[in-house]
Student: 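If you scroll down you'll find the structure; I have some questions about it.
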Amino acid sequence: MYTTLLTQLDNGIFTITINRPDKLNALNSTVFNELDQALNEVASNAEIKTVIITGAGPKAFVAGADITEFGGLNKEQAMALAKRGQDVFFKIENSKKPIVAAVNGFALGGGCELAMACHFRLCSENAKFGQPEVNLGLIPGYGGTQRLTQLIGKGKSMELQMTANLVDAREALQLGLVNHVTPAENLLEKTKEILTVIQSKAPIAIGKVIECVNVAVVSDSAYTNGKSGYDKEIEAFGDCFVTEDMKEGTSAFLEKRKAEFKGR
Ligand code: COA
């Protein structure tokens with residue numbers, strides 16, 4: 001069904017593998033279209049509870065936007081390219097179902113931006129992150145100037161984008177760019193272990209966590225409907241209160257049994 005992605009659904013965990021290993025999984029327009037479609041599948045398929053995004057092969061998660069598609073674009077076309085990338089990555093960021101990046105090698109340029117659009121990141125010991133666009137006379141265009149700054153702070157974000165220096169897995173962990181580093185062969189297993197824990201919780205509440213945390217780091221009022229993160233949290237707290245899962249969760253605690261969440 002997809003030509004540049006491999007997908008697999010296993011115990012509620014949907015793994016999307018970007019599959020252009022001979023081009024280090026560079027993001028061309030087909031990958032963007034198919035990622036968009038795969039995200040629609042995530043939203044509409046009730047069997048999918050959580051998602052992993054990873055790259056094919058041992059070398060790269062994604063080595064960037066496909067540079068071969070940059071040739072000859074005028075300003076408007078370049079802006080449309082950035083907008084398309086940002087829209088697909090907003091869809092990841094705003095997914096009600098958790099989407100986690102398992103970074104298995106180079107995550108450069110658009111690859112780093114893709115990983116940062118995910119709700120959180122794990123990486124293998126050989127991973128390398130960076131925004132090397134200034135090497136090409138460019139800047140990040142798929143949200144990287146914003147999300148890198150949100151994740152690691154202004155000073156480090158400025159330095160990495162201005163120098164085009166790459167950071168290894170250890171430094172990525174120190175910077176808070178990734179939550180866990182594992183040997184390459186354990187990366188997917190560790191990611192699935194965390195997602196299995198998340199899948200045992202109330203899905204509506206998990207979706208509300210995503211919504212509220214996103215508002216905390218995004219200042220664009222169009223994105224937040226003019227509401228502060230605190231307002232959003234009050235509303236989301238109220239929404240959770242009237243779910244069956246909340247009644248089940250609190251009853252199970254009081255009855256000293258394990259809660260059985262239904263996503264209602
Ligand atoms: N766009 C298009 N093709 C890319 C690519 C990208 N972003 N990154 C890698 N490739 C292609 C290479 O052109 C090469 O294709 P070829 O075999 O047809 O020549 C193939 O993937 C393998 O890459 P190669 O450069 O030979 O591997 P390497 O191990 O020597 O170097 C990198 C790995 C990641 C350091 C290097 O590929 C690189 O710097 N890529 C671009 C990173 C970048 O600037 N990203 C930001 C883009 S905005």
Side-chain angles (χ1 to χ4, degrees), residues 2-6 16-36 53-93 101-118 121-152 156-172 175 177-178 181 184 187:
Y2 299 110
T3 60
T4 61
L5 306 180
L6 303 172
I16 301 174
T17 305
I18 300 174
N19 187 32
R20 300 182 72 211
D22 53 325
K23 298 292 174 196
L24 303 187
N25 306 317
L27 303 171
N28 63 12
S29 54
T30 311
V31 178
F32 272 113
N33 290 340
E34 293 191 344
L35 258 181
D36 199 10
I53 299 183
T54 193
K59 203 165 158 183
F61 172 70
V62 166
D66 191 321
I67 299 168
T68 62
E69 290 189 347
F70 287 1
L73 299 189
N74 64 25
K75 180 175 172 173
E76 282 66 35
Q77 290 165 326
M79 287 171 67
L81 189 80
K83 175 81 167 67
R84 171 70 175 146
Q86 286 197 6
D87 285 348
V88 174
F89 289 2
F90 273 130
K91 211 158 165 175
I92 294 174
E93 187 167 59
V103 177
N104 56 309
F106 288 112
L108 306 183
C112 189
E113 292 172 296
L114 170 62
M116 292 192 298
C118 294
R121 290 143 291 283
L122 286 81
C123 77
S124 55
E125 286 162 348
N126 65 325
K128 287 211 161 47
F129 295 81
Q131 296 292 159
E133 286 85 350
V134 292
N135 288 336
L136 305 170
L138 279 175
I139 64 164
Y142 302 154
T145 60
Q146 306 303 296
R147 291 196 182 95
L148 188 63
T149 309
Q150 290 156 11
L151 279 167
I152 70 172
K156 265 290 172 191
S157 173
M158 288 277 194
E159 182 183 340
L160 287 184
Q161 292 181 65
M162 289 182 190
T163 59
N165 284 345
L166 306 190
V167 300
D168 63 16
R170 193 183 44 84
E171 194 178 352
L175 289 171
L177 197 48
V178 299
V181 178
L187 178 63

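Any value given below was found using the heavy atoms of this structure, including those in side chains, with hydrogens, waters and symmetry copies removed. Counting starts at 1 for both ligands and their atoms, following the listed order. Just so it is clear, the model here is predicted, and its values are computed rather than measured.
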Student: Under 4.0 Å from ligand 1, counting heavy atoms only, is it the side chain of A63, its backbone, both or neither?
Tutor: both
Student: If we set the cut-off at 4.0 Å for heavy atoms, which region of N135 has an atom near ligand 1: side chain, backbone, both, or neither?
Tutor: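 Neither; nothing of N135 gets under 4.0 Å from ligand 1.
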Student: With heavy-atom distances below 4.0 Å as the criterion, list the atoms of ligand 1 near A26.
Tutor: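 Under 4.0 Å from A26, ligand 1 has these atoms: 1 (N), 2 (C), 6 (C).
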Student: Please confirm whether R20 makes a cation-pi placement over Y2, using NZ or CZ under 6.0 Å from the six-membered ring centre and within 45° of the ring normal.
Tutor: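 Ring-cation test returns no.
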Student: Look up atom 29 (O) of ligand 1 and tell me if a protein heavy atom lies less than 4.0 Å from it?
Tutor: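 Yes.
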Student: Considering both backbone and side-chain atoms of K59, is one of its nitrogen or oxygen atoms within less than 3.5 Å of a nitrogen or oxygen in ligand 1?
Tutor: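 Yes, K59 has an N/O under 3.5 Å of an N/O on ligand 1.
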Student: Please confirm whether F106 comes within less than 3.5 Å of ligand 1 when only nitrogen or oxygen atoms on both sides are compared.
Tutor: no
Student: Only counting residues at least two apart or in another chain, list the ones meeting ring-ring contact (aromatic ring centres under 6.0 Å, His included) with Y142.
Tutor: F32, F89
Student: Counting only heavy atoms on the protein side, is anything nearer than 4.0 Å to atom 15 (O) of ligand 1?
Tutor: yes
Student: Is I67 in polar range of ligand 1, meaning some N or O pair under 3.5 Å apart?
Tutor: yes
Student: Could you tell me whether atom 12 (C) of ligand 1 has a protein heavy atom closer than 4.0 Å?
Tutor: no
Student: Identify the closest protein heavy atom to atom 19 (O) of ligand 1: which residue and atom is it, and at what distance?
Tutor: K23 NZ, 4.6 Å
Student: I'd like to check atom 38 (C) of ligand 1 in this structure: does the protein have a heavy atom lying under 4.0 Å from it?
Tutor: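 Protein heavy atom within 4.0 Å of atom 38 (C) of ligand 1: absent.
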Student: Please determine if A65 has a nitrogen or oxygen closer than 3.5 Å to a nitrogen or oxygen of ligand 1.
Tutor: yes
